[in-house]
Amino acid sequence: MSADAAKVKLELTAKHFASDQDPRWCPGCGDYSILAQVKKVLAKIEAKRENTVFVSGIGCSSRFPYYVGTYGFHGIHGRALAIAVGIKVAQPELSVWVVTGDGDGLSIGGNHLLHTIRRNPDINILLFNNRIYGLTKGQYSPTSPLGKKTKSTPMGSVDFPLHPLSVAIGAEATFVARSIDVNVKHLAYVLERAARHKGASFVEIYQNCNIFNDLAFEYATAKTTKDETTIYLEHGRPLVFGKDRNKGIRLDGMDPEIVELGDGITEDDLLFHNEKQEEPSLAYLLSRMRHPDFPEPMGVFRCVERPVYEDLVMDQINEASRQQPGRLEDLFDEGETWIVE
Amino acid sequence: MSADAAKVKLELTAKHFASDQDPRWCPGCGDYSILAQVKKVLAKIEAKRENTVFVSGIGCSSRFPYYVGTYGFHGIHGRALAIAVGIKVAQPELSVWVVTGDGDGLSIGGNHLLHTIRRNPDINILLFNNRIYGLTKGQYSPTSPLGKKTKSTPMGSVDFPLHPLSVAIGAEATFVARSIDVNVKHLAYVLERAARHKGASFVEIYQNCNIFNDLAFEYATAKTTKDETTIYLEHGRPLVFGKDRNKGIRLDGMDPEIVELGDGITEDDLLFHNEKQEEPSLAYLLSRMRHPDFPEPMGVFRCVERPVYEDLVMDQINEASRQQPGRLEDLFDEGETWIVE
Amino acid sequence: MVVSTRLNGAQPRCVEVISLGETTVRFAGDSGDGMQLAGTQMTTTSAIFGNDVSTLPDFPAEIRAPAGTLAGVSGFQLHFGSHRLRTPGDRVNALVAMNPAALSANLSDLEPGGVLIVNEDAFTKMDLSRAGYSADPLENRSLDGYQLFRVPMGKLTAEACKDTGLTGRAVGRCKNFFALGLVYWLYDRPLAPTLRWIEQKFGSKPVVADANIKTLKAGYHFGETTELFTVRYEVAPAKVPPGKYRRVSGNEALAIGLITAAQRAGKPLFYGSYPITPASDILHFLAKHKNFDVRTFQAEDEIAAMTATIGAAFAGAFAVTGTSGPGMALKSEAIGLAVMTELPMVIVNVQRAGPSTGLPTKTEQADLLQAIWGRNGENPVCVLAAATPADCFDMAIEAFRIAIGFMTPVVLLADGYLANGAEPWRIPDMDSLPRLDVKHPGPVEGFKPYQRNDKLVRPWALPGTPGLEHRVGGLESRDITGEVCYEPENHEHMCRIRRRKIDNIAEAIPPLEINGDDSGELLVIGWGSTYGAITSAVERCRKKGMSVSSAHLRYLDPMQKNVGDVLRRFCRVLVPELNLGQLAYRLRAEYLVDATGFHKIQGKPFTISEIEAEIAKRLNK
Amino acid sequence: MVVSTRLNGAQPRCVEVISLGETTVRFAGDSGDGMQLAGTQMTTTSAIFGNDVSTLPDFPAEIRAPAGTLAGVSGFQLHFGSHRLRTPGDRVNALVAMNPAALSANLSDLEPGGVLIVNEDAFTKMDLSRAGYSADPLENRSLDGYQLFRVPMGKLTAEACKDTGLTGRAVGRCKNFFALGLVYWLYDRPLAPTLRWIEQKFGSKPVVADANIKTLKAGYHFGETTELFTVRYEVAPAKVPPGKYRRVSGNEALAIGLITAAQRAGKPLFYGSYPITPASDILHFLAKHKNFDVRTFQAEDEIAAMTATIGAAFAGAFAVTGTSGPGMALKSEAIGLAVMTELPMVIVNVQRAGPSTGLPTKTEQADLLQAIWGRNGENPVCVLAAATPADCFDMAIEAFRIAIGFMTPVVLLADGYLANGAEPWRIPDMDSLPRLDVKHPGPVEGFKPYQRNDKLVRPWALPGTPGLEHRVGGLESRDITGEVCYEPENHEHMCRIRRRKIDNIAEAIPPLEINGDDSGELLVIGWGSTYGAITSAVERCRKKGMSVSSAHLRYLDPMQKNVGDVLRRFCRVLVPELNLGQLAYRLRAEYLVDATGFHKIQGKPFTISEIEAEIAKRLNK
Ligand SMILES: Cc1ncc(C[n+]2csc(CCOP(=O)(O)OP(=O)(O)O)c2C)c(N)n1
Ligand SMILES: Cc1ncc(C[n+]2csc(CCOP(=O)(O)OP(=O)(O)O)c2C)c(N)n1
Ligand code: SF4
Ligand code: SF4
Ligand SMILES: [Mg+2]
Ligand SMILES: [Mg+2]
């Protein structure tokens, strides 16, 4: 099969995951690109439509399930994760994806994020971070930077933002990653990694809302700046970045610092990425590297194994059933009984 | 003034902060000790009863406000922090304390914790962690360890716990500390530090629930073990612990390890605590040191400055009023008007 | 064995035996005194003996108040009789008080002239003052209006345990068996069931078993031999339908009913809940029965519990969430999502006294209109209410029958009184249980998720089925196809369909039955846990010749088709409720009938006589 | 200046002038076509001209649907007349359609024979197909039933801008001014107000200003000179009370009212809210007015917004939270806490079409019984509803008057139609504004937080005041002292007091007024935003001689004291509502009056004629 033929096949299969609804995002919205990559990855991992469920809350991003030809659940604001956990516990074999926004997932739904992450069910959580409330037409969100002027903050926001990955690592997530809507190859890579991880995979996707928060991530996407403002994580590799890949991140105690390679500093002096490090402090530290002080890490921050929630639930059920198969007669007879004649 | 006289004065003043209600916790509950220390610290910092408000949610711990002779608000389950923020924004000059439990503050109230911490209002948050739901008579809580058998988990909990300090640091708290109910001196020290910090001070207090989770912290309180299972943080000092203070914590890359002092290893090789480190990764790493793998750090993990929420709110109001004092006539006349004669 | 010396009937001394049709005994003591145990033992014994029984525990609001204080008093009330009983008894005929606080907290419920047995050893200066007594009530004639029996239970228990090897505080903990033995003698109860229980329970601790047995017998013998008691009571067995019985509380019955429904349908049972008094015991019960494929999910809050339940229903489980009032309020937004997606599930609200946190351990019926109206938009669900503890079993199954039959969330209301109250439950025959047949569509072409059947019910298509891939959500859906639809007419159509579908349930439920004549001067109509008090009161009034009947609603939305008819056949309608008039409001709005309320909102159930008196008043008797 | 050539009255060609009492114009186009701007300009111009006006924007549900699609159509409807208007008009008399999608989406609302002005340049193949047309409606006679005017607005606009220096896409964006100019000519509107506005708005961009001015005038002249139009309309000024006016939408009026209330009391205004359509604009408005000591708090969710509002009330601010239906459901548990703690605050619910997410941008009135009953326990609050956009100002102040006068949360209901609809508002005289006097207790000995005055109102004691230290909470409090209290009688007492306190509000509000005769055959009674349609319909029917009156409820709980009386003075009662009968339910339950509903639940307001027809039907006319 020629490369072209393979491509054709792949695209056909991506179409296989389209629904009969036309997406209704604004022209130019970053959500389109993410949708395309998700469908491609579904094809690549050979997902079955009937065994896949997309769950969301409310927001522009949360319209996502309508556009995927699998099962779908468009929930209420902030609750996608709890719906997803219910689905997973009822039918552990389903492949469950959650699409949420920075408002949906971190504002009203922040608590479910913490608790779902700690329970570690095998679901894939995609948080489309556009640093704004899109659907309600432009209020600041929990990820909007301090001082951000929006409809609800005409003098600038006074709320210090939350950083999704730091929060997820605060809850000790087993899989944490980041990508950007327009970097489609990397996005597809990260999505595939998330899909293949057994446990709760948390992916933050920088997404441009060209209507209410245009260019929020320009620093990380513009040709002229992106090499200096982002750094791509590779497992086992040193943290190198820059147009000429001549800069790196070194640790000074617990503080990361940017250094130039050469002049006595080699890659060996740099921080080496280890996504499998049990101790999540490294992932936390990476999540703290932020523009403009640091290049922002992209890729898989952390990927470790931990038993998944629905397995533990089913283990207990199986164990209990093994010890004493459930018979209604026994249930009725529990405790003391007496016979009246 | 003799030491005794001073002590008498201090105790009198602690009484000054008692209410007319008798505490109704179970005899032996750790909450009593915390109440005593809080009252003592209120006296020590010369708090004014009328300018102090204690706010809580629901739980055994949340009965706290009834026992303090200041203003008090016993809220609903999980919402103490939001109530407190409302109070603070309405009257920034009040001193506001929040008392919450591991269920109240981390289960139903987890989201408010994240958002309050990130906003950084000047309030003191005391989370009484007894790793159980006390008031509802003994279900596991988000801090209960995996496998914990409780009324709602007869076969053991399958939920990986949250760790309050890690969560708080995930939200980049400006003040994070930990103490234990029975270690009254240290508790008083930490409470005083929390009170004096300008910003949201988050304090986890290990609290024994002798009815539903007795001895959960025995490792950290028993004479025979506590020196090995806890480590007291001091700003600028190396992390030394052990009965003979002959052990320490050293960093191996980003992994902490326990080392014995001597044999070539000196205090200088150890990790030095720096509560003022801007970068919270150190605090995060400390929050990850857990029994039985590590001695658990006690004391102030992190204490940094950041503008406080209510000040920023009031700054904007003052600035707006300075630019154009609010006159109703102007408000009514905004936009286009016309006159009908 | 000593027990063989028990002289049934033949009295060693001259003791008068009074026969009672029914009687009420309350055990009261400190939380640590084992009163719940004594009470349940006597209940089982009486049930085995053949009485009808009804019970109510009374827990202190505090977890563990300091010993000896009023806040720490724990009580257990048992009503037993030789005929059908429906409540734990209006007034206490005999009170056992293990300490001054228990006396102080319970005396007002004891009938004048009632039997009062006190553990006089506990009437020390310190305990008197802890209970707020300035003078010793045993000494100052303040108890003259009762038949006071002072029993040095502490000493006598110590005596009984002397040779058992039991020592120290453990001896003190046997006191409840002394009290129990004494009461057994007083009411001529057999010791055997309790002896059996002790042997089973403490089989591995023979010293404890021995001490408890000796103490129980010592109590019994104390009654028999001391001159203190000159009267003894007997309560003959009742005529109860034959069968195998056990005692169930409402929460137990409800949980058993949920498991039964799921098992009869061959489905996993999903229970998503956040602990809250008085609903938590359902979670505890279910978590202990994972061998029935029960998947309990202790959520981070009620909203997660509710939405996880919706997810589980979408994925095909028999999905339930349970809570109490404040939690119900939190679920309200999400229940709307369940209504929109037309998924089957059961939402249990074990009501407690509100508003807000209210009196969390006390009972009330004030969430009815919340259940019906407490959501945004036109948001109809089916609302049911259980009438007695054992009825919780039937209503749990009924809730699922309706939920799956009509693809709708069903709210099942219970309350604190039902939850903790207990009554004998005739264990049903397996064959008598309804079979709940669930039909899921198989793979088809051109599947339409909102294509309805003649009852307006849409199909329950399960993820995992090829070809049925579809999407549901909280936005308005186009009928039949289920896609998002902003068209005005479709919205009106769907709002009306959702309402009509609920109304259609009325076709699938039995008509309202009348207790008493079909028409007359006064109809007393109620719902939920007031059933026992209302029915008994009406029976008493009818015996006195009053023209009164009663009816009890288990279906609150929709109501049964004949409710309007029934109401209109009576001159007046009285609605006793543990609220300020919510069912009355509903009946008035629906049927324009001048139903007037009788309200009690004290965290306590109605007594029979309260309702009796109100009936008489309404009939000007 | 060119404008001076405007030949008022004297027509250069033979044009018939028709006088209208009122008329309705709708501008419709793509979201990017500037229709909202054209509409508001014409509104202001008409108001300044002296007409009464009422308007309604119609936003697309999607943020930015692809250009040219149906989903992207944005509309603005203006009703103006020479007498009192109360609605934005039932049917459209003249429609301006800027593209095929706008035509397709709006044509059904245009009256038969109505004026239809289309931008024919936009009827390209691509745009036709985007709008779902298979054939060009301008060509296939499908529009024969209307007065169709095909105007090449694109070309004419380009022409007009030719010498201004404006180029490219910016020229296209002037098209709305061409349409506006043409419509101004058609209805004989003065250009001056819009010219002034353009100059102000684009003062710093003279090129843009110049282009817009030229285009506006070109549109006007196109009407004047082209042979296309043979008829022109005039709508004489209305007799409106003298005074200074501005246009307000309901959300603006509500926000202004809140600020006014706080300012009149010398209090900070706290507004805790989580964004939600259609309530968000209140937050936006308030956030822009921090110079009035407005402290806006965009919370993490509605529960935080509600509880922060409770905290702010406790600390003495004028505390408000605002939301829409789903958010209201989320707040319900916390509202109970506000009820228990008896703190004053205002809870705004700008209702939208439910249930669940429903039709989030559409209007509905289906949260009335949620407001009254949607909480656990006996949980009464005061419930008010605004009747018109400008009435939102008065009701916001009234809500605070009651909240602080009775120490109670007050729910103020508006809806999407009021929120976005606009009408002229006579700017009140400062002296005519109520002064809201708040009294906080000063330092006293033995302060009792639940000591009530004769209206059962407890004091509002502020943290910061020495000697008043006290604690409040969600557990039941003992009356007077406020300490936690589990006593049964106290609970009943407090439940009844909380209800009675709300009932007492009826003593402090004006009686219900009747529009029409005091008695008669039919009373039409409504609440909220249906005011305009009901009142106008009843007036029309009365003119036709029917025996019908109307009354409008702004107070829903408690209702005014004379409501029962009013209802009973009519043979029949009709209750039009944008729900399935919630006020009707309440009236029936409360007064046992056979009030029957007339329902519309399509996300849209009633038209006057719908209600007119229903009245006629009910009166068998
Ligand atoms: C209970 C509730 N509160 C508020 C809303 C209004 N609302 C809808 S989406 C949204 C936020 C959207 O922001 P985000 O999650 O970041 O999604 P985006 O639109 O940016 O993709 C809000 C506040 C709602 N639908 N339900
Ligand atoms: C909305 C709501 N849900 C549930 C409850 C029941 N409830 C009261 S306290 C509590 C948990 C208490 O645990 P924690 O916060 O750890 O406090 P502790 O009693 O252990 O001090 C729960 C679940 C409630 N009061 N309100
Ligand atoms: S508003 Fe922003 S996030 Fe929403 S669809 Fe438009 S561009 Fe995308
Ligand atoms: S149950 Fe536990 S936490 Fe609660 S008062 Fe008793 S000992 Fe303390
Ligand atoms: Mg967003
Ligand atoms: Mg706890």
Side-chain angles (χ1 to χ4, degrees), chain C residues 61 303 324-330 332-333 336-337 339-340 351-362 364 366-367 369-370 372-379 473-476 486 488-489 491-492 495-496 498-499 579-580 582 585-586 588-590 592-594 599-604, chain D residues 61 303 324-330 332-333 336-337 339-340 351-362 364 366-367 369-370 372-379 473-476 486 488-489 491-492 495-496 498-499 579-580 582 585-586 588-590 592-594 599-604:
Chain C
I303 301 175
S324 183
M328 189 70 183
L330 279 174
S332 49
E333 189 211 3
L337 180 62
V339 168
M340 269 304 213
Q351 300 162 96
R352 65 189 215 185
S356 194
T357 314
L359 301 178
T361 58
K362 303 294 176 190
E364 204 161 281
D367 298 353
L369 293 178
Q370 172 185 235
I372 298 177
W373 291 110
R375 293 167 296 281
N376 59 302
E378 291 291 348
N379 207 324
L475 284 166
E476 187 62 278
Y486 297 114
E489 293 73 22
H491 178 52
E492 174 140 357
C495 283
R496 289 186 186 274
R498 283 186 289 262
R499 180 65 244 176
N579 61 40
L580 293 179
Q582 302 193 7
Y585 194 89
R586 174 141 179 65
R588 292 166 64 91
E590 207 72 44
L592 287 185
V593 162
D594 192 6
H599 313 134
K600 177 174 180 180
I601 183 144
Q602 304 186 355
K604 296 196 294 191
Chain D
I303 302 175
S324 183
M328 189 70 183
L330 279 174
S332 49
E333 189 211 1
L337 180 62
V339 168
M340 269 303 216
Q351 299 162 94
R352 66 188 212 185
S356 194
T357 314
L359 300 178
T361 58
K362 303 296 175 189
E364 204 161 281
D367 298 352
L369 293 178
Q370 172 183 233
I372 299 177
W373 290 112
R375 294 166 296 280
N376 59 303
E378 291 292 347
N379 208 324
L475 284 166
E476 186 63 279
Y486 297 114
E489 293 73 22
H491 177 52
E492 173 139 359
C495 283
R496 290 185 185 273
R498 284 186 288 262
R499 180 66 244 177
N579 61 39
L580 294 178
Q582 302 193 8
Y585 195 89
R586 174 142 178 65
R588 292 166 64 89
E590 206 74 44
L592 286 185
V593 162
D594 191 6
H599 313 135
K600 177 174 181 179
I601 183 142
Q602 306 186 353
K604 297 196 295 191

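Numbers restart at 1 for each chain; the letters A, B, ... are given by sequence-line order, proteins then strands. Just the heavy atoms: all of them, side chains too, but no hydrogens, waters or symmetry mates, feed the values below.
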Among the listed options [options], the residue most often paired with chain C at heavy-atom distances under 4.5 Å:
options: D/Glu378, D/Met340, D/Glu333, D/Glu476; result: D/Glu378
options: D/Ala366, D/Cys495, D/Pro488; result: D/Pro488
options: D/Glu590, D/Met328, D/Gln351, D/Arg375; result: D/Arg375
options: D/Leu580, D/Val339, D/Asp594; result: D/Leu580
options: D/Pro326, D/Gly336, D/Gly354; result: D/Pro326
options: D/Gly374, D/Pro360, D/Gly327, D/Ala353; result: D/Gly374

Subject >> Region of D/Ile372 in contact with chain C, defined by heavy-atom distances below 4.5 Å >> reply: neither
**OP:** Could you check which of C/Gly603, C/Gly325, C/Ala329, C/Ala589 has the highest count of heavy-atom pairs closer than 4.5 Å to chain D?
**Re:** C/Ala589
**OP:** Mind ranking C/Arg496, C/Arg352, C/Glu489 by heavy-atom pairs under 4.5 Å with chain D and telling me who comes out on top?
**Re:** C/Arg496
**OP:** Measure the OG-CD distance between C/Ser332 and D/Gln370 for me, rounded to the nearest 0.5 Å.
**Re:**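 Reported value, rounded in 0.5 Å steps: 6.5 Å.
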Subject >> Rounded distance (nearest 0.5 Å) linking atom CG of D/Asn579 with atom CG of C/Asn379 >> reply: 13.0 Å
Original post:
Going by heavy atoms in the side chains, are C/Pro355 and D/Arg498 under 4.5 Å from each other?
Top reply: yes
Subject >> Sub-4.5 Å side-chain heavy-atom contact between D/Leu369 and C/Leu369 >> reply: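 In short, these two side chains do not touch, never coming nearer than 4.5 Å.
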**OP:** Sequence neighbours left out, what passes salt bridge (charged side-chain N to carboxylate O under 4.0 Å, His left out) with D/Arg499? Give chain and number order.
**Re:**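 Applying salt bridge (charged side-chain N to carboxylate O under 4.0 Å, His left out) to D/Arg499 gives D/Asp503, D/Asp557.
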Subject >> Heavy-atom pair of closest approach, residues C/Asn376 and D/Asp367 >> reply: CA-OD1, 3.4 Å
Subject >> Non-hydrogen atoms of D/Leu592 and C/Val593 that approach each other most closely >> reply: CD2-O, 3.7 Å
Original post:
So among C/Glu364, C/Lys362, C/Lys604, C/Gln602, which one has a side chain to side chain donor-acceptor pair (under 3.5 Å) with D/His491?
Top reply: C/Glu364
**OP:** Just say parallel, tilted or perpendicular for the rings of D/Tyr585 and C/Tyr585, cut-offs at 30° and 60°.
**Re:** tilted
